[in-house]
Peer 1: 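Below you will find the structure I want to go over with you.
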Amino acid sequence: MQPQVIDFHPPAEEAAPILLPVTTTLFADRADRFAALAIGHSLGDWLDFLGQLSRAQHQALKTLPALPLPDAASLEQARTHGMPPLNIAIRPAAWREVLRQIARNLGEDAPDGARKSLDSLLAADDAWLDKLADTLLSGELEAGDAAELPFVAAALQVVFTQLASQLDASQLQQLDAHGVCPCCGSPAVASVVRLGAAINNLRYLHCSLCNTEWNVPRATCTACDTDKEVALQELEGNKGAVRAETCDACQSYLKIVYQEKDPRVDPVADDLATLALDMLVDEAGYQRSGPNLLLIGAYSG
Ligand SMILES: [Zn+2]
Ligand SMILES: [Zn+2]
């Protein structure tokens, strides 16, 4: 008689498919990262200012009350239809106050160009601010609005990060389109290969708007799902913490940051500190698949 084999090993802890943003630390950590990356960087002043902007986002989020989520019936309907629960076209009115708070908080320390944009945002009425938000989220930029948009984006990030953090992760599902956020449907800014129990070496895409992360396979294009024609590019002299994953099937790319190389990497801050890598892959003919909302409009000034 064969002895019965009993497996006493507990089942391995399952990796979370979706990581909701941690509101107490997210923007504060990003602010620290921008400040660290600014030191000795050719774009140091700009990165330093983005650190102050992230700090202002942190302050605004700290004082933001819980926001109204869609009702149970809407959440259920979104689930049934494979749609994200948060609709970015429906913004909580609080976003405009968050924007004004960020603009006041940055105050006199802002560089001249930014100061002008912040003053015009503080003087703007609600309708104009909503129009700027529509412009930003539709991706259809008009000349003239550009300089204000990173601040509009910063405020929208705060309210959508708050909303995402209030969702029940166990009720969320990944969408058919792997490249978009399961909470708000926005494209990813970059992906992160994580360190830590249960998520070690797993890759997560990071939402450009609400900072939610969702698990995706490594070495697979996040735009078209092929695993055949992807390659990793990096800048010479780089320590490997930031690479660009290019895909020859769809000619797109997105950056990957590696916590194993530097545990403090941040998908938004490290992305903006490596614009030279974007130039390199742009020149090779690849199109970036997701935006960094703090940069939108910054090129055209
Ligand atoms: Zn999102
Ligand atoms: Zn592809």
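We number each residue from 1, following the sequence as shown. All ligand and atom numbering here is 1-based and tracks the order in the structure. Every value quoted in this text rests on a predicted model; they were computed, and no experiment measured them.
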Peer 1: Please find out if the Zn ion (ligand 1) and some N, O or S atom of Cys184 are separated by less than 2.8 Å.
Peer 2: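 Here the distance criterion (N, O or S atom, under 2.8 Å) is met by Cys184, so yes.
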Peer 1: In terms of side-chain geometry, is the basic nitrogen of Lys255 or Asp278 positioned less than 4.0 Å from the acidic oxygen of its partner?
Peer 2: yes
Peer 1: For Arg115 versus Leu106, what's the shortest heavy-atom pair and its separation?
Peer 2: NH1-C, 4.3 Å
Peer 1: Is a donor from one side chain sitting under 3.5 angstrom from an acceptor on the other, for Ser120 and Glu148?
Peer 2: yes
Peer 1: Looking from the Zn ion (ligand 2), what is the angle between SG on Cys250 and SG on Cys224, to the nearest 10°?
Peer 2: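 Seen from the Zn ion (ligand 2), SG and SG are separated by roughly 110°.
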Peer 1: Would you kindly say whether Gln166 and Gln162 are connected by a side-chain donor-acceptor distance under 3.5 Å?
Peer 2: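 Short answer, yes.
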Peer 1: Nearest 10° is fine: what angle sits at the Zn ion (ligand 1) between SG from Cys181 and SG from Cys210?
Peer 2: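 Value returned, to the nearest 10°, is 100°.
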